[in-house]
Amino acid sequence: MTTLLVIAKEPRPGRVKTRLTPPFTPEEAAALAEASLADTLDVVARTPARRRVLVLEGAPGPWLPPGFDVVRQCAGGLDERLAAAFAGCDGPALLIGMDTPQVTPELLTVDFADCEAYFGPAEDGGFWALGLARPDPSLLRGVPMSTPRTGAAQRARLSGLRVRQLPPLRDVDTAYDAELVAKAAPGGRFAAELERLAGAGR
């Protein structure tokens, strides 16, 4: 079975989802981040897995469901932190972030029987999921992160592997993204929080 990894930041005002500010305040952006993270963890908790790991910058809160191991993110750039997350796995692993609350258990239920990697492109040019049958940190170290070419650069690192592609998803980075993602997952905490903020005069 696969280890499911979620890399995330503690949803603290001013530390998460800063591109949502404006139009949202830092506190509102953190509330949206917490809702996104809670939705993501709930989906992971409902997905069959060998192990579920939250790779966290910060401290866990009441949004963390049972059944997760919590591992502190290492120092360094995002490529180093992603590489370290995979380095802690001794078998097939799939990593996602906290920015796609519209993800489903069906998308995360992967089978490495006929492939060596999974790649989920993000609509902003990055990627929302990366799965490796044999976790190799060197496949991530040095990949330029948070650029429109990040996804292409990471995909190129997998060129020697048999790769199965997952559907593209939209990350929540901007207020426009938030609206589209909420429409894609109308029953989740994220959509409810966005609606609450809209009802408060947003």
Side-chain angles (χ1 to χ4, degrees), residues 1-11 33-58 60-74 78 81-123 126-137 139-140 151 154-155 157-158 161-172 181-193:
M1 266 186 139
T2 303
T3 294
L4 294 177
L5 304 163
V6 180
I7 189 158
K9 290 182 178 181
E10 178 188 357
E34 180 173 332
S36 179
L37 177 55
D39 280 346
T40 302
L41 295 175
D42 178 66
V43 168
V44 172
R46 292 187 285 114
T47 304
R50 175 188 178 196
R51 184 182 176 215
R52 298 173 184 86
V53 182
L54 175 63
V55 186
L56 184 64
E57 178 186 311
W63 36 262
L64 178 65
F68 283 79
D69 297 330
V70 179
V71 175
R72 185 178 296 276
Q73 288 186 28
C74 73
L78 181 55
R81 288 177 277 145
L82 296 178
F86 277 106
C89 300
D90 59 1
L94 179 73
L95 179 144
I96 65 170
M98 61 183 283
D99 303 332
T100 50
Q102 73 275 42
V103 74
T104 64
E106 290 74 23
L107 286 172
L108 300 184
T109 303
V110 296
D111 183 359
F112 288 96
D114 60 354
C115 69
E116 296 161 302
Y118 276 84
F119 183 75
E123 293 187 8
F127 61 95
W128 68 268
L130 179 65
L132 297 172
R134 295 179 180 82
D136 180 356
L139 292 173
L140 294 109
Q154 184 60 70
R155 182 64 180 80
R157 287 289 188 93
L158 309 177
L161 304 176
R162 291 173 297 162
V163 181
R164 182 174 290 177
Q165 185 151 311
L166 295 166
L169 292 182
R170 180 179 292 272
D171 287 335
V172 175
V181 168
K183 289 177 182 176
R189 295 177 184 86
F190 183 81
E193 182 62 24

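Worth knowing before you read on, the calculation uses all heavy atoms, side chains too, and leaves out hydrogens, waters and symmetry mates. All figures in this text were calculated on a predicted structure; none of them were measured in a lab.
- Electrostatic pairing of Arg51 and Asp90 does not count as a salt bridge here, judged by no charged N lying under 4.0 Å from a carboxylate O.
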Query raised in the report: Would Leu140 and Leu130 satisfy side chain to side chain contact (heavy atoms under 4.5 Å, CB included), going step by step from the backbone distance to the final call?
Result: CA-CA 10 Å; Leu140 294 109; Leu130 179 65; 3.6 Å; yes
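- Not counting sequence neighbours, the partners of Arg170 by the side-chain hydrogen bond (donor to acceptor under 3.5 Å, both in side chains) test are Glu123, Asp177.
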Report task. Check the pair Leu107 / Leu169 against side chain to side chain contact (heavy atoms under 4.5 Å, CB included), numbers first and verdict last. Result -> CA-CA 11 Å; Leu107 286 172; Leu169 292 182; 4.2 Å; yes
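- Residues Gly97 and Thr40 share a closest heavy-atom pair of O-CG2, 3.5 Å.
- Leu37 contributes atom CG, which lies 10.0 Å from atom CD of Glu10 (distance to the nearest 0.5 angstrom).
- Shown here are the ring-ring contact (aromatic ring centres under 6.0 Å, His included) partners of Phe119, two or more places apart in sequence or in another chain: Phe127.
- Residues satisfying the side-chain hydrogen bond (donor to acceptor under 3.5 Å, both in side chains) test with Gln73, not counting sequence neighbours, are Arg81.
- With sequence neighbours excluded, no residue forms a ring-ring contact (aromatic ring centres under 6.0 Å, His included) with Phe68.
- Partners of Arg46 by side-chain hydrogen bond (donor to acceptor under 3.5 Å, both in side chains), not counting sequence neighbours, listed by chain and number: Asp42.
- Under the ring-ring contact (aromatic ring centres under 6.0 Å, His included) criterion, Phe190 pairs with no residue at all, not counting sequence neighbours.
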Can you list, pair by pair, the side-chain donor-acceptor contacts under 3.5 Å of residues 60-67, counting residues two or more places apart and other chains?
none

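- Nearest heavy atoms, Met1 versus Pro48: CE-CB, 3.4 Å.
- Residues Ala185 and Pro101 come closest through the heavy atom pair CB-O, 4.4 Å.
- Note that CG of Leu139 and CG of Leu82 are 12.0 Å apart. Values are rounded to the nearest 0.5 Å.
- Considering OG1 of Thr100 and CG of Asp39, their distance stands at 10.0 Å, rounded to 0.5 Å.
- Taken to the nearest 0.5 Å, the CE atom of Met98 stands 11.0 Å off from the CG atom of Asp171.
- In this view, Ala84 and Cys74 satisfy the side-chain contact (heavy atoms from CB on, under 4.5 Å) rule, not counting sequence neighbours.
- The two atoms that bring Ala35 and Glu193 nearest to each other are CB-CB, 4.0 Å, heavy atoms only.
- Screening residues 89-116 for ring pair (Phe, Tyr, Trp, His ring centres under 6.0 Å), with sequence neighbours left out, gives Phe112-Tyr118.
- Nearest heavy-atom pair across Cys115 and Arg164 is SG-CB, 4.1 Å.
- Rounded to the nearest 0.5 Å, atoms OG1 (Thr47) and CG (Leu94) are 9.0 Å apart.
- Applying the salt bridge (Lys or Arg N to Asp or Glu O under 4.0 Å) criterion to Arg134, with sequence neighbours excluded, gives no partner residue.
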**Report entry** side chain to side chain contact (heavy atoms under 4.5 Å, CB included) between Ile96 and Trp128, intermediate numbers included
**Finding:** CA-CA 6 Å; Ile96 65 170; Trp128 68 268; 4.0 Å; yes
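- Across all their heavy atoms, Ala8 and Leu54 have their closest contact at CB-CD1, 3.9 Å.
- Asp111 meets the side-chain hydrogen bond (donor to acceptor under 3.5 Å, both in side chains) test with no other residue; sequence neighbours excluded.
- Shown here are the side-chain contact (heavy atoms from CB on, under 4.5 Å) partners of Ala117, two or more places apart in sequence or in another chain: Leu132, Leu158, Leu161, Val163.
- Side-chain contact between Val53 and Val6 is absent, with no heavy-atom pair separated by less than 4.5 Å.
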